[in-house]
Amino acid sequence: MNYKGFVSSAVDWREQLRSNQRRTRFVIVMFIALYVLLGLLIDVFLAMQTIFPPLPVTEILRQLANLQIFPYATLSMAVVATISIFVTYSFHDRIMLLGTDYHQVTPETAKDLAERQLYNVVEEMKVAAGLRFMPKVYIIEADYMNAFASGYSEKSAMVAITRGLMEKLDRAELQAVMAHELSHILHQDIKLTLMASVLANLMLIVLDMLFYSVLFGRDDRDRRNGGNGIVLVIILLRYILPITTILLLLYLSRTREYMADAGCVELTRNNQPLINALLKIHQDHLDHREQYGAAYSQTPHEDIRREAYLYDPVQCGIEPIKSLSNLFSTHPPIEDRLAALGYQAQK
Amino acid sequence: MGTLFFVIVILVALAAWFISIYNKLIRYIEEVNNNNKQIDIQLDRRYKVFESLINVVKSYMDYEKSTLKEVVALRNQAQHAAAAGDQEGKIAAEDAISKIASNINLVFEQYPALKAGVNVEQFQEEIANTENKLAFAKQAYNDSIQKYNETKKSFFESIVVTMVPDKLNKEFVYWNLPAEKIAEQEAYTVNLNKPPKE
């Protein structure tokens with residue numbers, strides 16, 4: 001991939017930000033709706049198991065809505081979700097750098113001009129964003145070109161960049177990359193993705209419990225109650241819901257990537273440096289596929305950073321984590337990201 | 001009873017909605033004010049950074065100049081002394097030169113930034129950083145004005161603004177260049193072939 005056959009144009013980053021904000025709202029509403037529906041399904045199931053004489057499903061739903069039957073399952077699931085999300089929020093910033101060889105950069109500890117420059121460009125972007133706090137800046141000692149951000153508050157906000165990326169980019173490109181990362185912090189992406197993935201995991205755990213209790217705990221009562229219908233729903237959900245949540249999570253993370261790219265243009269008012277940086281990173285990953293593949297797979301806990309990365313190594317065939325989700329990338333295809341930045345193939 | 005309850009609920013909802021819009025606009029106004037002062041902060045920073053850069057360079061150049069002059073003078077003195085066969089005068093002169101040399105080394109150790117070429121890159125980085133911060137502070141100021149104007153002029157918010165105009169209706173001026181300055185800078189070109197006229 002190179003500059004040939006492409007035309008660069010201006011980009012309407014305001015519209016990009018708005019449309020992706022709408023998409024995010026859709027995904028979050030979907031997640032909450034699915035979660036509540038699953039809770040209600042369990043409540044209906046419990047009501048069928050316990051209430052005599054048996055009631056039709058519509059009647060159970062009506063009584064749940066009027067709180068004549070108290071929706072214990074839905075409420076306890078909501079409580080569990082709130083607690084888990086809170087706990088995840090307070091601990092996530094300690095795990096993001098897990099397994100890497102890193103050190104923090106401050107104006108006092110910058111060892112050379114490159115480190116000083118890195119800190120400077122982050123500080124410049126902080127000024128442009130009107131951010132009240134300075135995120136911590138880390139360098140990861142690795143050859144592959146990547147960067148990520150995490151956190152949303154003074155305590156947790158951080159940006160990290162590999163030495164490979166820092167050394168191969170010029171000042172403007174470095175600034176664009178850091179603007180992309182700072183946009184993730186400004187948009188509070190880590191909160192959104194953590195919330196969505198906590199809900200997704202909880203849903204799958206609850207569904208599994210329900211599935212096995214149906215499978216092994218069946219008695220004659222179910223059949224008398226016409227419980228076969230709900231059992232069928234549970235079995236179907238057991239296979240459909242995991243795929244649905246994976247697709248929703250991927251859609252969310254891709255949406256947030258587009259938003260961070262647009263946010264980079266918003267902060268630097270220039271789309272060219274990020275285009276150059278993305279092209280460089282992609283080409284560099286293609287050139288050193290074997291070497292970087294080994295480096296990624298030797299770094300422990302690579303999976304916690306995958307969504308946060310600037311560039312998903314899966315896109316050039318490197319699979320740091322062996323899992324089903326490698327079939328889909330957490331990031332939009334590089335061509336689509338470049339197109340959204342105003343860098344399109346000539347027709 | 002039912003209608004009274006209903007009316008109270010609506011009134012409370014309206015009040016909450018009014019307060020949220022009021023607070024939002026106040027927040028935006030204060031953001032604009034802060035970002036305006038941020039430009040001053042960056043201007044102040046630039047002044048101080050450049051002052052210290054100039055001082056570093058000046059003291060370095062002055063030192064070098066005076067050192068060189070001293071070295072040349074001392075050398076001449078030493079040569080004259082040697083030609084004149086004045087051994088004492090020659091030794092004193094050489095001694096002074098080596099003292100100056102060790103002084104130069106000392107200064108270089110104290111200011112490693114001044115060592116070969118590195119200083120130039122560091123100065124360039126410092127200048128780029130300072131200029132960028134100033135430009136981005138102006139950009140952030142304009143962005144916050146845009147956000148405030150957009151909100152205050154949009155529907156519903158504009159109603160609240162007309163209710164308490166002296167608190168909520170501010171006219172901020174975007175940071176911009178005067179028209180003649182723009183024309184002047186539009187016409188500005190760089191010709192690298194001709195040396196600039198003094």
Side-chain angles (χ1 to χ4, degrees), chain A residues 12-18 21 105-108 110-135 137 166-167 169-183 185-187 262-271 273, chain B residues 27-46 48-49 52-53 111-151 154 172 174-176:
Chain A
D12 187 358
W13 48 268
R14 289 188 175 88
E15 178 51 35
Q16 286 275 338
L17 285 176
R18 271 196 298 272
Q21 195 66 55
V105 180
T106 59
E108 291 78 32
K111 282 197 212 84
D112 53 19
L113 189 65
E115 293 190 359
R116 177 79 220 192
Q117 193 175 55
L118 174 70
Y119 189 87
N120 283 350
V121 292
V122 178
E123 211 179 12
E124 283 164 27
M125 287 299 95
K126 176 214 154 211
V127 171
L131 205 62
R132 285 169 197 212
F133 51 85
M134 179 70 190
V137 184
M166 186 180 83
E167 280 171 359
L169 296 184
D170 67 24
R171 195 180 201 279
E173 290 159 0
L174 193 65
Q175 184 146 46
V177 166
M178 285 298 138
H180 173 103
E181 300 307 337
L182 212 65
S183 296
I185 295 174
L186 281 176
H187 301 157
C264 164
V265 181
E266 178 183 17
L267 292 182
T268 59
R269 297 290 149 90
N270 190 358
N271 56 354
Chain B
R27 191 170 71 239
Y28 287 178
I29 289 170
E30 287 312 317
E31 261 176 46
V32 174
N33 286 337
N34 185 352
N35 284 343
N36 185 15
K37 293 293 168 265
Q38 185 68 26
I39 299 178
D40 296 359
I41 290 173
Q42 294 301 338
L43 280 171
D44 183 49
R45 181 182 180 278
R46 180 167 76 160
K48 285 178 178 155
V49 166
S52 64
L53 283 185
Y111 299 99
L114 291 177
K115 274 184 181 168
V118 179
N119 55 345
V120 178
E121 278 175 11
Q122 283 194 343
F123 286 176
Q124 280 171 339
E125 170 59 27
E126 194 56 52
I127 290 166
N129 178 236
T130 306
E131 292 291 342
N132 281 352
K133 273 184 185 153
L134 182 57
F136 284 128
K138 290 169 185 167
Q139 178 184 309
Y141 173 62
N142 280 359
D143 285 352
S144 57
I145 293 181
Q146 183 211 333
K147 193 167 76 175
Y148 166 69
N149 281 350
E150 210 172 271
T151 313
S154 50
F172 293 111
Y174 283 104
W175 194 95
N176 57 3

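Naming: A, B, ... by sequence-line order, numbering from 1 per chain.
There is no contact between B:Glu131 and chain A, counting heavy-atom distances below 4.5 Å. Contact of B:Ala135 with chain A is not made at all, since no heavy-atom distance falls under 4.5 Å. With a 4.5 Å cut-off on non-hydrogen atoms, B:Asp143 touches chain A through its side chain but not through its backbone.
Comparing B:Asn35, B:Asn34, B:Asn129 by how many heavy-atom pairs each has under 4.5 Å with chain A, the most go to B:Asn129. Comparing A:Arg116, A:Gln175, A:Lys126 by heavy-atom pairs within less than 4.5 Å of chain B, the highest count is held by A:Gln175. Ranked by non-hydrogen atom pairs under 4.5 Å with chain A, the options B:Gln146, B:Lys138, B:Gln42 are led by B:Gln146.
Rounding to the nearest 0.5 Å gives a distance of 11.5 Å between CD of A:Gln117 and CD of B:Glu126.
The minimum heavy-atom distance between A:Ala128 and B:Ala140, with the atom names listed, is O-CB, 3.5 Å. Of all heavy-atom pairs between B:Phe136 and A:Val127, the closest is C-CG1, 4.0 Å.
With sequence neighbours left out, the salt bridge (Lys or Arg N to Asp or Glu O under 4.0 Å) criterion links A:Arg171 to A:Glu124, B:Glu125. B:Asp44 is linked by a salt bridge (Lys or Arg N to Asp or Glu O under 4.0 Å) to B:Lys48, counting only residues two or more places apart in sequence or in another chain.
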